[in-house]
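For ligands, and for the atoms within them, numbers begin at 1 and follow the listed sequence.
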Amino acid sequence: MDIVLLGAPGAGKGTQAELLAEWLSLPTVSSGVLFREAMDAGTPLGRRAKEFIDRGELVPDEVTVDMIAERLSRPDCANGVILDGFPRTVAQARALEDLLGRMGRQVDVVAYIEVPTEVLLQRLSGRWTCSQCGAVYHETFNPEAVEGVCDSCGGKLVQREDDTPEVQRRRIEVYNERTAPLIAYYREQGILSEVDGDQGVEAVQHDLRAVIHAARS
Ligand code: ADP
Ligand code: ADP
Ligand code: ZN
């Protein structure tokens, strides 16, 4: 099964993707995580992406699509993937159709996680990310057990450089301009399911599983 999680920055895509991955035994493919790995490693891709990410702009489609194409070609993606943060433009959605089509696959379900803007800002401003494994916490809504330390790997928690108030607002604007059109795009294809993301993590996960279950049968 190939699943796309769609939603604004802070909607909970990364959090939910990890839980779905466990349930479905599928890998998560997160464009944001892949870019951050490349930036940490200081690769040419990472340096290119950083110029855009630091400003809250989208990395150009071509760069992003090449990175995802490489990731999807790996053996662990053979039975399907959970995509988090990709596609983010209509051009990326078309490229994804091509990539999957060449493997005899298609996007089976697009789960749109809907969250009001003021809640997005609360979530982004309290987000802490593990510098080792990428696990995501929230200082109020989903705190770690020992302050500043990742529950799962013991790594140090940090705030992302692009989680400053100014860049957060820009990312939400960019989402509304460039990514929100995908809602109508996928609705027309008949594969969009909406999930209320303004609930606790477990309730959102429950609704996502119901939507995926329905799409499977
Ligand atoms: P968030 O979790 O806040 O939605 P991500 O980790 O998904 O943020 O992405 C961080 C940044 O990486 C984005 O603001 C953007 O600059 C870049 N990025 C991630 N995915 C894409 C994509 N599919 N296309 C273009 N840029 C992307
Ligand atoms: P995205 O990948 O869509 O940007 P994240 O999964 O990184 O979203 O979540 C953004 C922030 O909100 C994180 O700090 C996370 O712990 C928190 N969060 C995620 N889901 C919920 C939820 N349902 N209720 C409250 N906080 C949440
Ligand atoms: Zn960790």
Worksheet item: Between the main-chain N or O of Val81 and the side-chain N or O of Asp2, is there a donor-acceptor pair closer than 3.5 Å?
Response: yes
Discussion item. When you compare ligand 1 with Gly85, is there at least one nitrogen or oxygen pair between them that comes in under 3.5 angstrom?
Written reply: yes
Worksheet item: For ligand 1, which atoms sit closer than 4.0 Å to a heavy atom of Arg36?
Response: 6 (O), 10 (C)
Response to the item:
atom 8 (O) of ligand 2: closest protein heavy atom, distance to 0.1 Å, is Gly12 N, 3.1 Å
Fill in: Per atom 7 (O) of ligand 1, closest listed option by heavy atom (Lys13, Met39, Glu51, Arg88)
Arg88
Worksheet item: Which residue holds the protein heavy atom closest to atom 24 (N) of ligand 1, what is that atom called, and what is the gap in Å?
Response: Gln92 NE2, 2.9 Å
Fill in: Opening angle at the Zn ion (ligand 3) [SG, Cys133; SG, Cys153; to 10 degrees]
110°
Worksheet entry | Residue and atom name of the nearest protein heavy atom (relative to atom 17 (C) of ligand 2), distance in Å to one decimal | His138 CB, 4.0 Å
Item to complete: Compute the minimum heavy-atom distance from Arg55 to ligand 1 and say whether it is under 4.0 Å.
Response: no
Item to complete: Starting from atom 14 (O) of ligand 2, find the nearest protein heavy-atom neighbour and note its residue, name and distance.
Response: Tyr137 O, 2.8 Å
Worksheet entry | Sub-4.0 Å atoms of ligand 2 with respect to non-hydrogen atoms of Ala8 | 3 (O)
Item to complete: Name the closest protein heavy atom to atom 19 (C) of ligand 2, giving the residue it belongs to and the distance to 0.1 Å.
Response: Thr15 OG1, 3.5 Å
Worksheet entry | For atom 4 (O) of ligand 2, the protein heavy atom that lies nearest, with its residue and separation | Gly10 N, 2.8 Å
Discussion item. Looking at Asn142 and Tyr137, would you say the former's side chain and the latter's main chain have a donor-acceptor pair under 3.5 Å?
Written reply: no
Item to complete: Show which atoms of ligand 1 fall inside a sub-4.0 Å distance from at least one heavy-atom site of Pro9.
Response: 3 (O), 4 (O)
Worksheet item: For atom 20 (N) of ligand 1, what's the nearest protein heavy atom and its distance?
Response: Ser31 OG, 2.8 Å
Worksheet item: Applying a 4.0 Å heavy-atom criterion (strictly less than), which segment of Lys50 is in contact with ligand 1: side chain, backbone, both, or neither?
Response: neither
Worksheet item: Nearest protein heavy-atom contact for atom 3 (O) of ligand 1: which residue, which atom, what distance?
Response: Arg171 NH2, 2.4 Å
Response to the item:
Looking only at heavy atoms, the pair that brings Glu18 and Thr28 closest together is OE2-OG1, 3.3 Å
Worksheet item: Could Arg55 and Glu166 be called an ion pair, given the rule that one side-chain N must be under 4.0 Å from one carboxylate O?
Response: no
Discussion item. Could you check whether any side-chain N or O of Ser31 sits under 3.5 Å from a backbone N or O of Gly85, counting only pairs where one atom can act as donor and the other as acceptor?
Written reply: yes
Worksheet item: Can you give the angle Cys150 SG - the Zn ion (ligand 3) - Cys130 SG, rounded to 10°?
Response: 110°
Worksheet item: Among Arg123, Gln159, Gln205, Arg160, whose heavy atom sits nearest atom 22 (C) of ligand 2?
Response: Arg123
Discussion item. Students should be able to answer this: which protein heavy-atom is nearest to atom 13 (C) of ligand 2, and at what distance?
Written reply: Val136 CG1, 3.3 Å
Item to complete: Examine Leu124 against ligand 2 and note whether any of their N/O atoms are separated by less than 3.5 Å.
Response: no
Discussion item. Can you report which non-hydrogen protein atom sits closest to atom 23 (N) of ligand 2, along with the distance?
Written reply: Gln199 O, 2.8 Å
Item to complete: Could you list which atoms of ligand 1 come closer than 4.0 Å to a heavy atom of Thr64?
Response: 22 (C), 23 (N), 24 (N), 25 (C)
Worksheet, complete the sentence: Note: ligand 1 atoms sitting under 4.0 Å from heavy atoms of Asp162 are 10 (C)
Worksheet item: Quick one: nearest non-hydrogen protein atom to atom 27 (C) of ligand 1, plus distance?
Response: Phe35 CE1, 3.6 Å
Practice prompt. Could you pull out, from Leu34, Ile172, Val59, the option with a heavy atom nearest to atom 25 (C) of ligand 1?
Written response: Val59
Discussion item. Whether Asp162 and Arg160 form a salt bridge (side-chain N of Lys/Arg under 4.0 Å from carboxylate O of Asp/Glu) is what I want to check.
Written reply: yes
Fill in: Salt-bridge criterion met for Arg47 and Glu51 (N-O under 4.0 Å)
no
Worksheet item: What part of Val174, side chain from CB on, backbone N/CA/C/O, both or neither, has a heavy atom under 4.0 Å from ligand 1?
Response: neither
Response to the item:
Here the atoms of ligand 1 under 4.0 Å from any heavy atom belonging to Glu57 are 15 (C), 16 (O)
Fill in: Electrostatic pair Asp61-Arg94, nearest N-O below 4.0 angstrom
no
Worksheet item: So which heavy atom in the protein is nearest atom 2 (O) of ligand 1, and how far is it from that ligand atom?
Response: Arg127 NH1, 3.3 Å
Practice prompt. Before giving the answer on side-chain hydrogen bond (donor to acceptor under 3.5 Å, both in side chains), spell out for Glu144 and Trp128 the whole-Å C-alpha distance, their side-chain angles and the decisive distance to 0.1 Å.
Written response: CA-CA 9 Å; Glu144 64 279 16; Trp128 290 80; over 6 Å; no
Worksheet entry | ligand 2 atoms in contact with Phe141 (distance to a heavy atom under 4.0 Å) | 25 (C), 26 (N)
